[in-house]
Amino acid sequence: MGLHNRIKLEFLSLPVNLRLARIAVTAFASEVDYNVNDIEEIKVAVSEAVSNAIIHGYLEKPDGVITITASLWSDALEIVVEDQGKGIEDLENALQPGSGDDPERMGLGFVFMRSFMDEVEVTTEPGQSTTVRLRKRLPGEVQAQWCAEK
Amino acid sequence: MGLHNRIKLEFLSLPVNLRLARIAVTAFASEVDYNVNDIEEIKVAVSEAVSNAIIHGYLEKPDGVITITASLWSDALEIVVEDQGKGIEDLENALQPGSGDDPERMGLGFVFMRSFMDEVEVTTEPGQSTTVRLRKRLPGEVQAQWCAEK
Amino acid sequence: MGLELKKLGDTLIVRVHGEFDLGAAGYCRKEIDKKVRTEGIKDIVFDLEGVTFIDSSGLGLILGRYRIVKENGGRVVISNAEVRIVKILDLSGINRLIPVYPSTSQALRYLARGVV
Amino acid sequence: MGLELKKLGDTLIVRVHGEFDLGAAGYCRKEIDKKVRTEGIKDIVFDLEGVTFIDSSGLGLILGRYRIVKENGGRVVISNAEVRIVKILDLSGINRLIPVYPSTSQALRYLARGVV
Ligand SMILES: Nc1ncnc2c1ncn2[C@@H]1O[C@H](COP(=O)(O)OP(=O)(O)O)[C@@H](O)[C@H]1O
Ligand SMILES: Nc1ncnc2c1ncn2[C@@H]1O[C@H](COP(=O)(O)OP(=O)(O)O)[C@@H](O)[C@H]1O
């Protein structure tokens, strides 16, 4: 599948940058005409992945670097969120709803990502890094047009 | 002077990404309360630097990579726009108003950057790269507050 | 992001404006908990009228306050949320613990009488 | 970005909407030049009412059309621009070559009679 456009955004693990991450990804996604609802879902999914990198990956230390790569493929928008933080020891358990033990967190981050995106893939090296890959299919017409061009 | 926040945005040399570059930089800048006028000026300056990278640096080839690094220092917003394009042979001449020879371009890119930002610094390696560093002082109150914290 | 806190008897009305994410939740937590500790708050109404975005960090803040006031027999109610915010409340299941009312006056009536 | 072209006698009224940058300029150039070549256009009015952003690429597009129609004794006029857009027109000096009018009707009167 052809790649139409790509951006990469790197920023410090500060909560103030969540808004920026959401804005940048939705501005990028606006190249194809997702509806308002899709855009809202993309925003939440990105917010969850980046919040996790800040809280769990970097334990709220502000000097971690988070990278978002957003790609427009012929058939889907792909968003990859990476941190070089503490990683996830027990990934299977972490992916269960309500897995965390922080009473202030709902354990719904991955649930939201899965509800709002078509694919969610997590890879992690404990002690080193976590990568979350999110994919959402393009709106039907765009996909048909771009695939025809290939 | 202390660094408060930093983002780095990398994207392909496509005109469609100009809007994204402006949005990302102004979303980043909105952490400090520049007035509408300042934000407008920052937008134009970024747009000029990135347009130059697309047209002159990469000669409108879409597979070039452009990097923007935006930093919030205690006293100023700094925006660095880099391309690995053809560079500038005669920099002194290029910096003169109306220097270009394209009848569709006004030769006002650097003029606008200088009018709208407090500092403009260009470095280039002919045949290799161009880097434009733009700085704009923070709104007075923010600067006073951040400097006092240091 | 903006926060308004208003005391009405032993009920705290919390109005959040803007994007209710991790950064906002951190700020709200400090301000709300101070108020709850020092001013004898029993129940909390989260008026989400001004909220343009919420994710699980914003929801977690609400759930965390629910757990705290419950210790003293207090309740938490959500009111005034926009349709797309209600959708996320539904999906999270938070509405099984915390009643969601369309208006703050209904939420206050529920707290006063246990019914609407 | 949106573009509307309207022919009024031998005048082309160009309405640009949104952000008038390099991408928009490339698109407008193609559409406008086709119209000018094939439909006997003499003068052009750029109605900038819908323009929310302009930089030197947008200005260059206007200046380029000015150079083209001037060859045949045609003129270019700008109308309806917002204050912050006018500020950039002033700074660029483009207003020394291309008259800027507050409304399209004034711009059309100027073209019809040479005065307003
Ligand atoms: N980037 C990350 N780095 C380290 N651990 C993570 C990361 N993302 C998620 N986790 C782990 O996965 C668990 C589940 O995440 P999530 O479903 O978002 O719930 P919550 O953040 O509310 O705990 C977290 O509690 C955490 O232990
Ligand atoms: N990133 C760049 N790479 C190569 N050349 C550049 C770059 N930026 C500017 N230049 C050169 O500097 C000249 C002046 O730039 P500018 O003032 O923006 O005017 P314009 O783009 O309208 O020609 C350009 O015509 C070009 O030759």
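What's counted below: heavy atoms across the whole structure, side chains too, no hydrogens, waters or symmetry copies. Chain naming here is simple, since letters A, B, ... match the order of the sequence lines and numbering starts at 1 in each.
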Chain A against chain B: donor-acceptor pairs under 3.5 Å:
residue: B:Asn5; atom: OD1; partner: A:Asn17; partner atom: ND2; Å: 3.0
residue: B:Asn5; atom: ND2; partner: A:Asn17; partner atom: OD1; Å: 2.7
residue: B:Lys8; atom: N; partner: A:Glu10; partner atom: O; Å: 2.7
residue: B:Lys8; atom: O; partner: A:Glu10; partner atom: N; Å: 2.6
residue: B:Glu10; atom: N; partner: A:Lys8; partner atom: O; Å: 2.6
residue: B:Glu10; atom: O; partner: A:Lys8; partner atom: N; Å: 2.7
residue: B:Asn17; atom: OD1; partner: A:Asn5; partner atom: ND2; Å: 2.7
residue: B:Asn17; atom: ND2; partner: A:Asn5; partner atom: OD1; Å: 3.0
residue: B:Arg19; atom: NH1; partner: A:Ser30; partner atom: OG; Å: 3.0
residue: B:Ser30; atom: OG; partner: A:Arg19; partner atom: NH1; Å: 3.0

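The ring-ring contact (aromatic ring centres under 6.0 Å, His included) contacts involving residues 111-131 of chain B comprise B:Phe112-B:Phe116, where partners must be two or more places apart or lie in separate chains.
Of all the heavy atoms in A:Ala24 and B:Leu20, the pair that sits closest is O-CD1, 3.4 Å.
Residues passing the ring pair (Phe, Tyr, Trp, His ring centres under 6.0 Å) test with B:Phe11, sequence neighbours excluded: none.
Of the two parts of A:Leu9, the backbone and the side chain both hold a non-hydrogen atom closer than 4.5 Å to a non-hydrogen atom of chain B.
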